[in-house]
Amino acid sequence: MYRRRRRTDGRRRRMAASAAMATVLVAASVTACASVAQNGETVSLPVVPAPASITEAAGAPFRLTAETSVAGDQDAVAALAALVTPRTGMTLTSSEGDAAIRLRLAAAETEAAESYRIEVDETAVVVTGADTAGLFYGVQTLGQLIRRDGDRWVVPAVDIADAPRFAYRGVMLDVARHFHGVDTVKGYIDRAASLKLNALHLHLTDDQGWRIELRSRPELTERASGTAVGGDPGGFYTRDDYRQIVEYAASRHMIVVPEIDMPGHTHAVGLAYPAITEEPRVNDEMRQVIAEFGGGEPRAGEAYQGMAVGFSSLRIHDEATYDFVADVFGELAAMTPGPYLHFGGDESLSTSDEDFAVFVTRVSALIADLGKTPVAWHEAGAAADIADTTVGQYWGFLTPQEGAAEKARTFVDNDAPLILSPADAVYLDMQYPASHEAAAPPLGLTWANGPTSVERAYSWEPSDVIPGLEESAILGVEAPLWAETVRTAADIDAMAFPRIAAAAEAAWSPATGRSELRTWSSFRERVGALGPLWSRLGIAFHPSDEIPWVTE
Ligand code: TNX
């Protein structure tokens, strides 16, 4: 039913080598496929995101058996077991002393944060992390390298030195349009972390529901969390649920970035606090969305179950509004160890430009005063006086339209960086192109330049999006997944995988042109070779016909 949405208004929308020869593959000289011939058969090294440097050795591979011993950092040993056992059915032998697989932290703190090295020969596998995150990422890469060779399991002889390009590598999950419970979120954390992503942005509130319990404002979840788009069941995280998510994310080296969207996207606030919200203001375009997707017109005091956006606003000239904002972000700041609090600021279509600027200026300052770094969607860059530490999140198209790049520039002019989420590349809620064996109607929306192929999700370069943007002005890349059509954990898997891997490569790997691995032809082969691992891990990826999936 909620399958397609047209967006017209610009403001609203926007990897061969011979077996006999040692093949050296380094960042600038890798072959297009980072592959090696074994037993006469050519196979890709399915490392995604592409590492900074990978050198394949001539020697025999390391053989993995149930007797293989593993020693080192206990968290890393556990992380490896979580990959090896599902993939091979084997349980490695933990060892305290000499072991064939050694997972260790670098002795000197000279390496880049989150970096790691993997050295594999016939006799040993050594993973060295610059820090615990780097060690975790090294283990993820090792997990990807494990491959079946007849009835044996092997790791090819290889030397990898790897470090991230960007510090911020995120995914966003919208739990407001459809609520997704703690177990689903933990599953998404595992999936994202396996691709070396380190930030989980949770879109916790929207017109359709308020999903986070706050002690200072219990009415929010009591009165505004019961339903979702299409009248589906709602839900919310208790404070304890949120603490669990934050801790689980930390155990996978991810921070949580909570978003409370305002001043628009606040219809649900009005169910609990009618005095601080305006009456819904519906324009013709919203009426069109309502006609197409149902849900009826929004009415004050009634839960909203449709998909229109932009009709709600907090009251800008009422001090009670700012008492509310202070309570909400004050409590959230105390519950959130990560440095960022996201206050939305997108699609405030029923708030005047002047009022929007007043509000954004004040709320960004309030968050900065809490000792946190504010984050806002790029529209908030329309406010010249926005707190100068505010990070902007650009969600326009790969080719910026209608002032989006100018608004994004405000943040950079303040010496604050940008997170890039170009909608026509990394919006994971966009439909995939129709496949040859089209079955059920596709999930997802189409407003961001029509359906988004895996190739389009991959084929972009972060430094080329906003004209004149310096690399240092890019904090990172984030792939949002809006949940209007996304109801279940399987829906999340299908929409995210494999496109999330493209976003991860844009966020972690060397820039296009700086590595021969950074090509669509290399990527699709490397991703295809991950099919067996993903399947074994229970990831219900979309079997896109753009990818040469390997089956075992
Ligand atoms: C735009 S991107 C939105 C969301 C919708 C999404 C659907 C952004 C900041 N706002 O309100 O859920 O499109 O793709």
Side-chain angles (χ1 to χ4, degrees), residues 2-14 170-180 201-209 211 228-230 257 259-268 285-286 289 292-293 295 298 304-313 342-350 356 360 375-382 391-398 400-402 404 407-408 418-432 442-452 457 478-487 491-492 495-496 499:
Y2 294 106
R3 294 294 182 229
R4 243 163 276 115
R5 175 155 56 156
R6 226 178 301 116
R7 289 279 164 77
T8 47
D9 175 337
R11 180 168 177 210
R12 287 190 4 184
R13 310 301 159 197
R14 326 202 227 275
V171 282
M172 187 211 83
L173 188 62
D174 169 13
V175 297
R177 272 54 175 273
H178 277 98
F179 182 65
H180 298 283
H201 167 182
L202 285 175
H203 184 76
L204 289 166
T205 65
D206 213 301
D207 292 312
Q208 295 82 354
R211 312 293 185 202
V229 165
V257 180
E259 176 187 354
I260 306 291
D261 203 351
M262 56 180 67
H265 294 276
T266 46
H267 182 83
E285 198 179 345
M286 296 170 202
V289 174
E292 196 174 347
F293 298 105
Y304 182 61
Q305 301 177 355
M307 290 173 43
V309 297
F311 56 81
S312 57
S313 182
H342 200 308
F343 67 95
D346 58 317
E347 302 172 315
S348 297
L349 306 180
S350 66
F356 181 73
V360 161
V375 187
W377 298 105
H378 71 251
E379 288 102 308
V391 171
Q393 184 165 8
Y394 175 81
W395 63 280
F397 286 175
L398 287 169
Q401 298 177 330
E402 296 176 44
K407 287 175 187 152
L418 292 174
I419 295 166
L420 299 176
S421 301
D424 51 349
V426 297
Y427 262 35
L428 302 178
D429 62 306
M430 289 300 127
Q431 276 178 26
Y432 289 94
L443 292 176
L445 307 175
T446 54
W447 64 263
N449 262 341
T452 301
E478 180 179 297
L481 177 48
W482 300 96
E484 286 92 338
T485 69
V486 176
R487 296 175 166 84
D491 291 349
I492 293 175
M495 295 309 279
R499 294 180 298 195

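For ligands, and for the atoms within them, numbers begin at 1 and follow the listed sequence.
Contact between Met307 and ligand 1 is absent, with no heavy atom of the residue lying under 4.0 Å from the ligand. Heavy atoms of Arg177 approach ligand 1 to within less than 4.0 angstrom. Under the 4.0 angstrom criterion for non-hydrogen atoms, Gln393 is not in contact with ligand 1.
Backbone and side-chain nitrogen or oxygen atoms of Glu484 are examined, and one is located within less than 3.5 angstrom of a nitrogen or oxygen of ligand 1. At under 3.5 Å, a nitrogen or oxygen of Asp346, whether backbone or side chain, sits near a nitrogen or oxygen of ligand 1. An N or O contact shorter than 3.5 Å is missing between Asp174 and ligand 1 by distance.
Those atoms of ligand 1 with a heavy atom of Trp447 less than 4.0 angstrom away are 1 (C), 7 (C), 13 (O), 14 (O). Near Leu445, with a cut-off below 4.0 Å to any heavy atom, the atoms of ligand 1 are 7 (C), 14 (O). If you number the atoms of ligand 1 from 1 as listed, the ones under 4.0 Å from a heavy atom of Tyr427 come out as 2 (S), 8 (C). Distances below 4.0 Å separate heavy atoms of Met430 from the following atoms of ligand 1: 14 (O). Listed by atom number, the atoms of ligand 1 under 4.0 Å from His265 heavy atoms are 11 (O).
The side chain to side chain contact (heavy atoms under 4.5 Å, CB included) test with Glu379 singles out one residue from Asp346, Val360, Leu349, and that residue is Asp346.
A donor-acceptor pair under 3.5 Å links the side-chain atoms of Thr205 to the main chain of Asp261, judged by distance alone.
With rounding to the nearest 0.5 Å, the separation of OG in Ser348 from CE in Met262 is 10.5 Å. Here the straight-line distance linking atom CD of Gln393 with atom CD of Glu259 works out to 7.5 Å at 0.5 Å rounding.
Using a 4.5 Å cut-off on side-chain heavy atoms (C-beta onward), Thr446 and Gln431 make contact. Between Thr485 and Asp491 the shortest side-chain heavy-atom distance does not fall below 4.5 Å.
Here Glu484 pairs with Arg177 in a salt bridge; the nearest charged N to carboxylate O distance falls below 4.0 Å.
Remark: aromatic rings of His203 and Trp377 are distant, center separation not under 6.0 Å.
Among Val229, Thr485, Asp429, Thr446, the residue whose heavy atom lies nearest to atom 7 (C) of ligand 1 is Asp429.
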